[in-house]
Colleague: 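One structure, pasted below without further comment.
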Amino acid sequence: MRDAHGSCHVPMGAIEDEITRIEEEIRKTPYNKATQGHIGRLKAKIAVLRLEREKRAKSGGGGLGYAVRKSGHATVALVGYPSVGKSTLLTHLTGAESEAAAYEFTTTTIIPGMLSWRGAAIQILDMPGLIPGASSGRGRGREVISVARNSDLILFLLDKDHLEFRSLLAELEKAGIRINQRPPRIVVTPRERGGVSVHSTVRLTKMDEEQAQGIAKEFRMHNGDIVLREDASPDQLIDVLAGNRVYIPAILGVNKADLITPSERPPISTRLAPTRVLFVSAQKEQGFQELKEAIADALAFIRIYVKPPGQPPDLAEPVILRKGNTISDLLLRLPPDLTEGFRSALVWGKSAKFPGQTVGRDHPLADQDVVTVVVQRGTKT
Ligand SMILES: Nc1nc2c(ncn2[C@@H]2O[C@H](COP(=O)(O)OP(=O)(O)O)[C@@H](O)[C@H]2O)c(=O)[nH]1
Ligand SMILES: [Mg+2]
């Protein structure tokens, strides 16, 4: 609904002040049935103001002007407070040269390293520490956040002496990053007239239809249908209306484990539950095997064996893809002479209904599938 906002000419500072004021109002308002509609609308107002702020930051030239070149099969962003050992971890895990020193804010740029794991190349990005206020542009916050937004996985790293990570999450949340969540099952269809109608396919307990309409109004949506296919919260509806959200998985590591005894670990795990904790020592290279496995698991790599027609499959060098990838994604990774004039593919393995099933470009593949690409003969010029 971003196009729906008129361009109001409020100065940037005023937007910031207004966000702070509304956040304060939400904090002061007790949450109950009587206030839930009001709070929903306040949250929607904040979301709209943040969209406006993003738009300004981009158009005003004060934007990012900055990007990290993605390479490898997937990109992992290392996110943590300053001095938790992110740079040390990158260096020891990947061999990349990153500055690690015994003082804060040593990482001035984002440094990439490459980790190879069972044939998959995983790019790991070391970043300046995330600090409160990053999402509104404090420190190098904008950069950190834009890199995190574009990554396939976030690896949160905490220092064993500073186990708080709520505020890291909050900072990413404010920037539209949703961690370990799936997109809400809400469908919004704008229309020309007829007002806003809200339908639900399940019983709603967190927000009623009138409250949903109130939120839509804040996004200047005056006509259209909102279909809630789950018991959605106001926050989830706001996410769908705001439209710039990204959904990224994350894992959590606690560093400097060389300085803690085995008996000190369980209480730390309990404290951070239900998030699973991986104990590592970046410096002593402890816990690296489990960490690498957790990264690879979270990235959900699948291995595809390509079988040229009439030949055995190439089992030595699978093509590495991700869960959910299709034949189309596979084609992009093969040399053009193997895919030119693509007609169909034959699939053996878990994704096939029967061995050698003929499928099209949209067919989702599974780990260890064997695939033959069938091309039209004589189409080459
Ligand atoms: N004891 C111990 N110290 C560590 C470990 N990892 C990093 N450090 C130290 O913590 C300090 C900050 O590390 P650095 O990698 O620069 O942190 P960053 O700001 O998160 O990149 C440095 O003095 C490191 O030597 C570890 O696993 N164990
Ligand atoms: Mg660093």
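First listed ligand is number 1; within each ligand, the first listed atom is number 1. Here the structure is a predicted model, which means the values were calculated and not measured.
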Colleague: Counting each atom of ligand 1 from 1 as listed, which ones have a heavy atom of S83 under 4.0 Å away?
Modeller: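 Answer, ordered by atom number: 12 (C), 17 (O), 18 (P), 19 (O), 20 (O).
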Colleague: Give a yes/no verdict on whether any heavy atom in P82 is under 4.0 Å from an atom of ligand 1.
Modeller: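 Per 4.0 Å heavy-atom rule, P82 contacts ligand 1.
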Colleague: I'd like to know if K55 pairs up with E52 as an ion pair, taking the criterion as any Lys NZ or Arg NE/NH1/NH2 lying under 4.0 Å from an Asp or Glu carboxylate oxygen.
Modeller: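 Between E52 and K55 there is a salt bridge, with a charged N closer than 4.0 Å to a carboxylate O.
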Colleague: Below 4.0 Å, non-hydrogen atoms only: which portion of L89 touches ligand 1? Side chain, backbone, both or neither.
Modeller: neither
Colleague: How would you list, by chain and number, every residue that makes a side-chain contact (heavy atoms from CB on, under 4.5 Å) with P312, sequence neighbours excluded?
Modeller: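 Here no residue qualifies.
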Colleague: Assess whether a salt bridge exists between E25 and K28, defined as any Lys/Arg side-chain N lying under 4.0 Å from an Asp/Glu carboxylate O.
Modeller: no
Colleague: Should the pair E54-R50 be classified as a salt bridge under the 4.0 Å nitrogen-to-oxygen rule?
Modeller: no
Colleague: Below 3.5 Å, N or O to N or O, backbone or side chain included: is there any such pair between A257 and ligand 1?
Modeller: no
Colleague: What do you reckon, does L259 have a nitrogen or oxygen under 3.5 Å from a nitrogen or oxygen of ligand 1?
Modeller: no
Colleague: Numbering the atoms of ligand 1 from 1, which are under 4.0 Å from a heavy atom of T88?
Modeller: 6 (N), 7 (C), 13 (O), 14 (P), 15 (O), 24 (C)
Colleague: Restricting to pairs with a member in residues 14-46, which pass ring pair (Phe, Tyr, Trp, His ring centres under 6.0 Å), not counting sequence neighbours?
Modeller: none
Colleague: Is the distance from the Mg ion (ligand 2) to some N, O or S atom of S83 under 2.8 Å?
Modeller: no
Colleague: Taking distance alone, with N or O pairs closer than 3.5 Å, would you say S87 contacts ligand 1?
Modeller: yes
Colleague: Any atoms of ligand 1 less than 4.0 Å from a non-hydrogen atom of K86? List them with their elements.
Modeller: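 Every atom of ligand 1 under 4.0 Å from some heavy atom of K86: 15 (O), 17 (O), 18 (P), 19 (O), 20 (O), 21 (O).
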Colleague: Do the side chains of D161 and K256 get close enough for a salt bridge, i.e. N-O under 4.0 angstrom?
Modeller: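 Answer for the salt bridge query: no.
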Colleague: When clusters are formed by joining ILVMFWY residues with side-chain heavy atoms under 4.5 Å apart, either directly or through shared neighbours, do F288 and V76 land in the same one?
Modeller: yes
Colleague: For ligand 1, which atoms sit closer than 4.0 Å to a heavy atom of D258?
Modeller: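 Those atoms are 1 (N), 2 (C), 26 (C), 27 (O), 28 (N).
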